**Student:** 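Before we start, here is the structure in question, set down as C-alpha cells.
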Amino acid sequence: MKLVVTEKNIAAQKIADLLGVGKPKADKVYNTPVYRFERAGEEWVTIGLRGHILEPDFMPSIVYSKKDGWQGVNAEGEVRPANIPDFLPKPPFKTKRKPFTADGVQMGAWKMDALPYLAYAPIEKLPKEKDIIRSLKNLAKKADDIIIATDFDREGELIGSDALSCIKEVNTTAPVSRARYSAITKEEITHAFTNLVALDENLAQAGESRQDIDLIWGAVLTRYLTIVKFAGYGNVRSSGRVQTPTLALIVARERERMAFVPEDYWVIKAGFAHNADEFEATHATARFKSEAEANAVMAHVEGATKGTVTSIEKRKRTVAAPVPFNTTSLMAAAAAEGLSPARTMRIAESLYMDGYISYPRVDNTVYPESLDLAGTVKRLSDVPAYRPYCQELLKKGTLTATRGKKETTDHPPIHPTAAADPDKLGGPEWKLYNLIARRFLATLSDAAVVEGTKVTVDVNGEPFVTRGDVLVKPGFRAIYPYGLKKDEQLPALDEGMTVDFKGATCTKKQTEPPARYSQGKLIQEMERLGLGTKATRHAIIERLYTVKYIQNDPIEPSQLGIAVCDALGRFAPQITTPDMTATLEEDMDGIANGTKTRREVVDLSRDILNDVLRELLPHSEEVKEALSDAVAADAYVGPCPKCGKDLQLRASSKTRSMFIGCAGWPDCDVTYPLPKGKIEAVEEKCPTCGMPQIKVTAFRSKPRIMCIDPNCPTNQEPDVVVGTCPTCAAKGLNKKLIASKNPRTLKRFIRCENYDECNTSYPLPQYGELIATEEVCEHCGAPMVVVKTARGPWKLCPNFNCPGKEKEAEEKEAKAAAKKGGSKAKSATAKKASSKKATAK
DNA sequence: GCAAGGTC
C-alpha cells in the first residue's frame, strides 16, 4: 500500500480524486478521514494532517522527574540552584487548586529568577494532534511506500518531516519520497507524483530553528512582562518576534501624531455655471498660509458675476495595467471591496481547495513561464461576463503579462484555474473570485489612457482651477473597474469663454497628522518589513487586540501597549524591530543550504536572549512601575465622588464580569454596575450630573455614551405598561405587566405588577426606546413590544421560552443549511444542537 | 498562563 500524507484533509481528498482510477473511497481511521483508491494496480491511501501535528515545548517530562531531573543551566553552565523554584506552569500532579509552598509562593508559578535558565532550557517536540498521529501511525504500519505531499514551502517541509518522525516510530523500512506541487490541478499533481523527490531535511531543520527561537524568546519575554507586574491569572502580557515589532509600528505612528503640530491654512472655492452645467473650482493657490492673503483674494472677487476661461490644458497619461496578485495585494484589494483580511483568506482557501484559484499564500508577483496564460484565458471565457473580453485578448496572438517586483518560484501569483458560475458560488466567494479573475485578465491587458483636463477660470485677476479626467482608451480598465475614481466630466468649455461666477467661499482648515494604520495598511506594512507570513499577519494583529495593547480601527495603542513597547525598546531592543526576523531568515537560508546548523543558530540566539535578560532584570522595578501606571491610565474613568481617588474599570475576580470600582478599595467601597458590551472611558463628563461617562458598544450595535451613575436622570426611564399578565389572566385576575429598570443594576425587564404573588417576568433588550403595542404573541400570549434600536424598530416577543423562538431558530438553521448546500452531516448536527437546547430548557 | 506557524 502507498501512503500519501498531505497537510490538510481537503488536499488528501483532492489528490485522491486526481490520482485515482474512478472515484476514491472515503473511509475513516479513528475518526480521521482517509481516501482509498487504486492506481496502476496498486492500493493507495491519502491522509490529511491538520497543519503541524507536533509542537515544540520545554521538556516537562524531564523537569518533573525526581530521579535525574533536568536542573537547568545558565549561560555559564551553572546548575540551577535549589532555591530557585521550578519554572514550568504545570504542577507535576493533577489538582484543581494549585498547591502553595510554606512561604505562600504558588508552585508552578512563573519565576523571575528562573528566566536565565529558561533561556537555555532544552526543547522537545510533543504531540499536538493526538488523534491524527494515531491514525497516521495505524496506516503507516501497513504501508510499503510513504509519500510526503505537504505544501511546497518551508513549513510544509517541516510538517512533513514531523509526520515522518511519527511514521518512523512504527515503520522503519518503507521507502519515503516527497511530492512537490504548487496547485491542485490534474497536471501539477500528476507531474509531482511521477517526479518524486526526497524530503529536504535541511529545509525542515530551518523551520525547526524558527520554532525553537520563537518559543524561547516568546516564553521568556512574555513571562517576564507578565510577572514583573502580576495582574492576576488571565492577564498575560505577551511579546514575540513578530507581534512586538508590529506593536512598535503602531506606537511609532502614534508618537508622530502626538509630535505633530497642526498648521492653519485657508482654501478658497468658487462656484461657476455655464448654461445648465455647474462646476466648482479651487483657487490656484491651493493652500493660503495666511488669512490676510486669503481675505485679499476674497475681496478681489467680491461682487463679480462673470469669469473668463483663460486656459484649457489637456494632457494624456497612461495608467499601467496592474501586476499579478500575491496574498498581500489581494488582501488590500479585497479590503477595498469590504472583505476583511481574515475573511479574504478564509474564502481564498476554499476557492483554492475547490480548484477555482491557485494556491493563495504566495509572495510571488511574476507568472512563471510554465503557466499557460492563453489556456487560462480560454477557460475563463466560459464565464459569460468575461467572454467578450477573453476573445479580444486571444485575438492578440501572444499574451504578455505585467510583472511585479517580487519574484519567487515556489508558487505562481494568485490566478484563476477554472471558470466559476456566480450562481453556484456564494456571494462573497463570487466577489473574491471575480476580483481574482478580472485581475488576471487585467495583467494581460494594455495600459489605460486617460485624458486629464485642467481648466483655469479668471475672476477679476484671480485664477481658479478645476480638473477633469476622461478615459480615452480603456485598456485593462474595461475588465478591471476596481479601485478607481469615477471620471470627472467637465462641461464643454473653450478658451476665452465667459462663465457665470456664483461666488466664492473661504474655509479655514488645519494640516492633518499622519493617519493611524488601518488593519489593511498595517498588513501591507508588515509585509514590506517581512513581519509574519501571509497566513499569520491578521492573527498577530488580533493577538495585539486581545492582550489590550491596541484598540479601535484605525488602530491606536493603549497606554499599556506604549509602556510595553518603551520598556522593551530600552532594555530588549532586539525584539522590537523587524531586524530579528530578517536575521532569522538569513540564518534559515544558511541552514537550508547546509552552511549552518540549527544547533549553532539556536544556541547563538539563546546567548543573545541571555544578554537581553542581563539588561532587563536589573531594571525590573522601573518596568514594573511603568506598566502599573499604564494599566491604571487605561482603566481610569474619573474621580471617585466619595474619596477622590481614581475610579477604574475592573474585572470581578469571581465572575470575571466588569464593573467600575474605586482605586481606594477596601477603604472606599464605591462601585458602579456596567452594561454588557465593550466599555471605554470617555473624557467628557455627564452634562446632567457631572459624573464620568463611558462609551458602551454592545454586540453588533452602534456605540452609545452613558453616565456611569445609575441614579443620574439620564439613566432613569419611566415604567411602561406593556400589556396584561397572561398567568394572572388564566386565574381570572386582571393584572398589568410593567417594564421597568432596576435602579441599582440598571437592568431593564418586564414583570407582573402583582409580583408578590405572581412571578411572571420577561427579559428585555437593555437599551433602545421601549414602546408598548396592543398585540399579543401568537405562540405564548405574552405582550409584544417594540424596541427602537440604531438599526430601526424591532418588534419582539419578550418571552425567552416562547415556543415561537424555537421555530424561528429552526427556520434560520434550515436556511443556513440550505445555503451551505445542505449536507447530511450539517443538518444532523443542527438537529442535535436544537434538541440539546430543548432539553436544556 | 508563553510564540509563530500551519489548518478547522
Side-chain angles (χ1 to χ4, degrees), chain A residues 5-12 31-33 48-58 60 87-91 98 106-111 114-115 118-119 121 123 125 128-129 131-132 150-163 204 206-228 230-247 342 345-346 348-350 352-353 359-361 526 530-544 546-547 575 580-581 584-585 588 602 605 609:
Chain A
V5 182
T6 69
E7 195 158 315
K8 48 206 163 227
N9 175 45
I10 196 140
N31 271 332
T32 307
L49 308 176
R50 233 179 283 175
H52 291 281
I53 55 170
L54 301 183
E55 191 174 33
D57 205 350
F58 305 112
F87 52 76
L88 281 169
K90 292 169 213 142
K98 293 194 175 174
Q106 197 156 17
M107 269 185 66
W110 292 344
K111 286 290 150 204
L115 293 180
L118 183 62
I123 290 170
K125 285 220 155 171
K128 187 184 175 210
E129 301 286 346
D131 290 351
I132 300 242
T150 46
D151 287 356
F152 180 18
D153 51 30
R154 186 176 59 224
E155 295 295 328
E157 212 70 13
L158 175 56
I159 291 164
S161 162
D162 284 347
E208 203 150 329
S209 70
R210 178 203 60 73
Q211 285 188 323
D212 291 353
I213 289 170
D214 282 343
L215 174 66
I216 299 163
W217 281 77
V220 167
L221 292 177
T222 299
R223 289 178 187 194
Y224 175 83
L225 290 171
T226 304
I227 57 186
V228 72
F230 186 62
Y233 286 96
N235 266 322
V236 174
R237 283 188 278 272
S238 60
S239 173
R241 170 178 59 84
V242 179
Q243 61 167 270
T244 305
T246 305
L247 174 64
M345 286 316 287
R346 258 202 317 278
E349 179 73 18
S350 85
Y352 159 63
M353 284 306 170
Y359 189 69
R361 288 186 280 270
M526 287 170 79
L531 291 171
T533 73
K534 328 98 207 169
T536 58
R537 285 182 194 121
H538 65 265
I540 298 281
I541 297 173
E542 266 172 18
R543 175 79 190 149
L544 294 176
T546 46
V547 294
I575 198 77
M580 182 165 171
T581 296
L584 178 62
E585 288 289 342
M588 282 194 292
V602 174
S605 186
L609 176 59

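In what follows, chains carry the letters A, B, and so on, assigned in the order in which the sequence lines appear, proteins first and then strands, with residues in each chain numbered from 1. Predicted model only: the values in this text are computed from it and were never measured.
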**Student:** List the residues meeting side-chain hydrogen bond (donor to acceptor under 3.5 Å, both in side chains) with A:R210, not counting sequence neighbours, and say none if there are none.
**Tutor:**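 Here the qualifying residues are A:E155, A:D214.
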
**Student:** Once you round it to whole Å, what is the distance between P of B:dG1 and CZ of A:R543?
**Tutor:**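 In whole Å, B:dG1 P and A:R543 CZ are 12 Å from each other.
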
**Student:** Who pairs with A:A12 by side chain to side chain contact (heavy atoms under 4.5 Å, CB included), at least two apart in sequence or on another chain?
**Tutor:**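 Per chain and number, A:A12 pairs via side chain to side chain contact (heavy atoms under 4.5 Å, CB included) with A:T6, A:Y35, A:T46.
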
**Student:** Counting the atoms with a prime plus P, OP1 and OP2 as sugar-phosphate, which does A:I540 contact under 4.0 Å by heavy atoms, base, sugar-phosphate, or nothing?
**Tutor:**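 Answer is sugar-phosphate: A:I540 comes under 4.0 Å of backbone atoms only.
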
**Student:** To the nearest angstrom, how far is A:F152 atom CZ from B:dG5 atom P?
**Tutor:**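 So the CZ-P distance, A:F152 to B:dG5, works out to 20 Å.
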
**Student:** Please check the phosphate of B:dA4 (OP1 and OP2 only) for any side-chain N or O of A:T536 closer than 4.0 Å.
**Tutor:**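 So the side chain of A:T536 is outside the cut-off, no N or O lying under 4.0 Å from OP1 or OP2 of B:dA4.
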
**Student:** Minimum heavy-atom separation for A:G156 and A:E7, please, with both atom names.
**Tutor:**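 For A:G156 versus A:E7, the nearest heavy atoms are CA-OE1, 3.5 Å.
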
**Student:** On the nucleotide B:dA4, are OP1 or OP2 found under 4.0 Å from the side-chain N or O atoms that A:Q243 carries?
**Tutor:**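 Checking A:Q243 against B:dA4: at least one side-chain N or O falls below 4.0 Å of OP1 or OP2.
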
**Student:** Among A:D212, A:D162, A:D57, find the one that has a salt bridge (charged side-chain N to carboxylate O under 4.0 Å, His left out) with A:K125.
**Tutor:**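 Running salt bridge (charged side-chain N to carboxylate O under 4.0 Å, His left out) over A:D212, A:D162, A:D57 with A:K125 returns exactly one hit, A:D162.
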
**Student:** Looking at A:R361, does any N or O in its side chain come under 4.0 Å of the phosphate oxygens OP1/OP2 on B:dT7?
**Tutor:**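 Yes, within the criterion.
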
**Student:** Just how far, in rounded Å, is C1' of B:dC2 from CG of A:N235?
**Tutor:**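 Computing the A:N235:CG to B:dC2:C1' distance gives 14 Å.
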
**Student:** Could you check whether the side chain of A:R223 and the base of B:dC2 have a donor-acceptor pair of N or O atoms closer than 3.5 Å, going by distance alone?
**Tutor:**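 Yes, the side chain and the base share a sub-3.5 Å donor-acceptor pair.
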
**Student:** If you take atom types as modelled and just measure distance, does the side chain of A:N9 reach the base of B:dC8 with a donor-acceptor pair under 3.5 Å?
**Tutor:**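 Per atom types, no contact qualifies.
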
**Student:** Using whole Å, what does the distance between atom P of nucleotide B:dG6 and atom CE of A:M345 come to?
**Tutor:**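 So the CE-P distance, A:M345 to B:dG6, works out to 10 Å.
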
**Student:** Rounding to an integer number of Å, can you tell me how far A:L221 CG sits from B:dA4 P?
**Tutor:**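 Value for this atom pair: 11 Å.
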
**Student:** Look at the side chain of A:K8 and decide which nucleotide, out of B:dA3, B:dG5, B:dT7, has an atom nearest to it.
**Tutor:**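 Nearest to the side-chain atoms of A:K8, counting from C-beta on, is B:dT7.
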
**Student:** What is the separation between atom CD1 on A:I541 and atom C1' on B:dA4, rounded to the nearest whole Å?
**Tutor:**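 Nearest whole value for this atom pair: 14 Å.
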
**Student:** Please state how far atom CD in A:E349 lies from atom P in B:dC8, giving the value in whole angstrom units.
**Tutor:**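 It works out to 7 Å between those atoms.
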
**Student:** Tell me which nucleotide among B:dT7, B:dA3, B:dA4 gets nearest to the side chain of A:T222.
**Tutor:**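 When the side chain of A:T222 is considered, B:dA3 is the closest of B:dT7, B:dA3, B:dA4.
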
**Student:** Starting at NZ of A:K534 and ending at P of B:dG5, how long is that distance when rounded to a whole Å?
**Tutor:**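 Checked: the NZ to P distance equals 10 Å.
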
**Student:** What nucleotide among B:dC8, B:dC2, B:dG5 has an atom nearest to a side-chain atom of A:R210?
**Tutor:**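 Minimum distance to the A:R210 side chain belongs to B:dG5.
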
**Student:** Quick check for you: to the nearest 0.5 Å, what is the distance between A:T533 atom OG1 and A:M526 atom CE?
**Tutor:**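 Atom-to-atom, A:T533:OG1 and A:M526:CE are 9.0 Å apart.
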
**Student:** Among B:dG1, B:dA4, B:dG6, which is the nearest nucleotide to the side chain of A:E155?
**Tutor:**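 The answer is B:dG6, which lies nearest to the side chain.
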
**Student:** Nearest to the side chain of A:R241, heavy atoms from C-beta on, is which of B:dG5, B:dA3, B:dT7?
**Tutor:**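 Closest nucleotide among those given: B:dG5.
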
**Student:** Please state whether the phosphate of B:dG6, meaning OP1 or OP2, lies under 4.0 angstrom from any side-chain nitrogen or oxygen of A:T533.
**Tutor:**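 Yes, within the criterion.
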
**Student:** More 5' along DNA chain B: A:A219 or A:R537, using each one's nearest nucleotide?
**Tutor:**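 Counting from the 5' end, the first nearest nucleotide belongs to A:A219.
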
